[in-house]
Amino acid sequence: ARHIAEGRHIREIRPHPGRDCAENAQRLAFQQGRGDGKADSPRTQGGDQTCRKKKESRAQAQSKSIKLPDFIEPELCKIIAAPPSSADWAHEVKFDGYRMQARVENGRAILRTRKGLDWSARFPEIARDCGALPDGIYDGEIVALDKAGIADFAMLQAALSGGKTANLVFFLFDLPYFEKPDLRNQPLEKRKDALRKILEARGRKLTRLRYVSHFSATGGAILDAACR
């Protein structure tokens, strides 16, 4: 179970850089005698141009200052006495596989274990498919599925030992970074929605990459259903 209400909305983190500037330019147009808010005086046009330059310079500075991290230490499961009773938690299927983090940049993907080891060479097909995703860091689990579609860890180990990894599947459940902005302060629900849209847009071509949906219910209800 993971909390879906963590963090703040993106608007609280990154206010629109040009909002005040644009409003000032409009007020200046009224001061020049135009009642429709259209700036046609040299002074207003210069102010509007200054606004655009400020936006561009801020965007350029931001893109230079933000670097995609090499690795993010994952949050791991821990044992608790009872499942959370609040409905503010998202419950996901626990896969029996290898936790993996894909770092994608400029069409190249690196697969790292939860300890940060580079396992890209062990899963070449999945690494190649991840390279087709937008830049970012993708969190998930690599598994082998049996004929019934159930994760089988013994099959996964056999696939690795024999170098037959083409049929393995990478189930993705989180997107902590997307095209350089750090999304970890955003609610999990929003990160997962962004991840879902990315995979849905490429689903037919990248069949090894699959989105992990979640259940929005109390922990007790999920536990009861799992024990039946």
Side-chain angles (χ1 to χ4, degrees), residues 1-4 6 68 71-72 74-77 89-179 183-184 186-217 222 225-226:
R2 296 192 290 166
H3 205 279
I4 63 176
E6 59 185 16
L68 196 67
F71 177 70
I72 299 175
E75 183 177 357
L76 303 177
C77 297
W89 290 81
H91 304 270
E92 300 169 345
V93 172
K94 174 63 177 73
F95 295 98
D96 197 4
Y98 284 117
R99 178 77 173 269
M100 204 66 55
Q101 189 176 108
R103 182 189 187 276
V104 182
E105 188 172 32
N106 299 324
R108 179 174 179 266
I110 299 176
L111 303 178
R112 295 191 184 278
T113 68
R114 64 182 187 177
K115 293 184 178 180
L117 301 177
D118 186 347
W119 276 26
S120 307
R122 299 193 181 195
F123 304 106
E125 298 88 359
I126 290 177
R128 184 179 63 246
D129 285 358
C130 286
L133 297 174
D135 289 2
I137 291 184
Y138 300 79
D139 195 5
E141 190 116 352
I142 294 179
V143 304
L145 300 177
D146 63 16
K147 294 181 180 180
I150 299 175
D152 188 318
F153 191 71
M155 283 181 60
L156 176 59
Q157 289 182 312
L160 280 173
S161 299
K164 299 178 180 180
T165 55
N167 293 325
L168 300 181
V169 178
F170 192 13
F171 284 97
L172 297 164
F173 46 68
D174 201 358
L175 181 63
Y177 265 77
F178 177 49
E179 295 183 339
L183 304 184
R184 287 175 293 177
Q186 284 205 44
L188 173 62
E189 193 173 34
K190 291 185 177 296
R191 299 199 306 267
K192 292 197 62 164
D193 187 56
L195 174 62
R196 177 184 58 80
K197 291 177 180 177
I198 291 171
L199 295 178
E200 284 182 353
R202 298 162 176 81
R204 294 182 179 180
K205 296 181 179 179
L206 305 177
T207 56
R208 295 185 186 90
L209 310 182
R210 302 185 189 179
Y211 171 74
V212 178
S213 59
H214 60 273
F215 305 95
S216 297
I222 297 297

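By convention here, the first residue in the shown sequence is residue 1.
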Heavy atoms, side chains only, cut-off 4.5 Å: are L133 and I198 in contact? yes
Between N167 and R208, is there a side-chain heavy-atom distance shorter than 4.5 Å? no
Taking all heavy atoms of A194 and all of L175, pick out the closest pair and write down the distance. CB-CD2, 4.1 Å
What are the two closest non-hydrogen atoms of F95 and E141, and how far apart are they? O-OE2, 3.1 Å
Taking the side chain as C-beta and beyond, is there a heavy-atom pair between D174 and L188 under 4.5 Å? yes
Quick check on R114: does its CZ atom have over 12 non-hydrogen neighbours (other residues, nucleotides or ligands) under 6.0 Å away? no
Show, in sequence, the C-alpha distance, side-chain angles and deciding distance for R122 and T165, and conclude whether the side-chain contact (heavy atoms from CB on, under 4.5 Å) test is met. CA-CA 8 Å; R122 299 193 181 195; T165 55; over 6 Å; no
So M100 and W119, side-chain contact (heavy atoms from CB on, under 4.5 Å) or not? Walk me through it. CA-CA 9 Å; M100 204 66 55; W119 276 26; 4.1 Å; yes
Locate the shortest heavy-atom distance separating L209 from L172; write the atom from each residue and the value. CB-CD1, 4.3 Å
Tell me, yes or no, whether the heavy-atom count around F71 atom CZ, taken from other residues, nucleotides or ligands under 6.0 Å, exceeds 12. yes
N106 versus D135: any side-chain heavy-atom pair under 4.5 Å? yes
With side chains defined as the heavy atoms from C-beta onward, is the minimum distance between Q157 and Y98 less than 4.5 Å? yes
If you look at every heavy atom in T207 and R210, which pair is closest and at what distance? O-NE, 3.4 Å
Looking at every heavy atom in both A127 and A109, which two are closest together, and how far apart are they? O-CB, 3.4 Å
Is Q101 close to I137 at the side-chain level, that is, under 4.5 Å between some pair of heavy atoms? yes
Do V104 and P134 make a side-chain contact, defined as non-hydrogen atoms from C-beta onward lying under 4.5 Å apart? no
Nearest 0.5 angstrom please: S216 OG to I222 CD1, how far? 8.5 Å
Around atom NZ of K205, are there more than 12 heavy atoms of other residues, nucleotides or ligands at under 6.0 Å? no
Would you compute the distance between atom OG of S213 and atom CZ of F171 and round it to the nearest 0.5 angstrom? 10.0 Å
Tell me whether the count of non-hydrogen atoms from other residues, nucleotides or ligands lying under 6.0 Å of CG in D96 goes above 12. yes
Straight-line distance of L111 CG to S120 OG, nearest 0.5 Å: 4.5 Å
From CA spacing to verdict: side-chain contact (heavy atoms from CB on, under 4.5 Å), L199, L206: CA-CA 8 Å; L199 295 178; L206 305 177; 5.8 Å; no
Y177 and Y138: aromatic ring centres closer than 6.0 Å? no
Test applied, salt bridge (Lys or Arg N to Asp or Glu O under 4.0 Å); reference residue, D193; option that passes from R191, K190, K197: K197
As a quick check of understanding, evaluate side-chain contact (heavy atoms from CB on, under 4.5 Å) for V169 and I142, giving each step before the final call. CA-CA 6 Å; V169 178; I142 294 179; over 6 Å; no
So for atom CZ, which belongs to R202, do other residues, nucleotides or ligands contribute more than 12 heavy atoms lying within a distance under 6.0 Å? yes
Report yes if the side chains of L168 and I126 come closer than 4.5 Å at any heavy-atom pair, otherwise no. yes
Could you tell me the separation between the CZ atom of F215 and the NE2 atom of H91, rounded to the nearest 0.5 Å? 10.0 Å
Going by an N to O cut-off under 4.0 Å, is there a salt bridge joining E92 and K192? yes
Is the closest basic N to carboxylate O distance between R99 and D139 below 4.0 Å? yes
Grab the two heavy atoms, one from F170 and one from A102, that are nearest each other, plus how far apart they are. CE2-CB, 4.0 Å
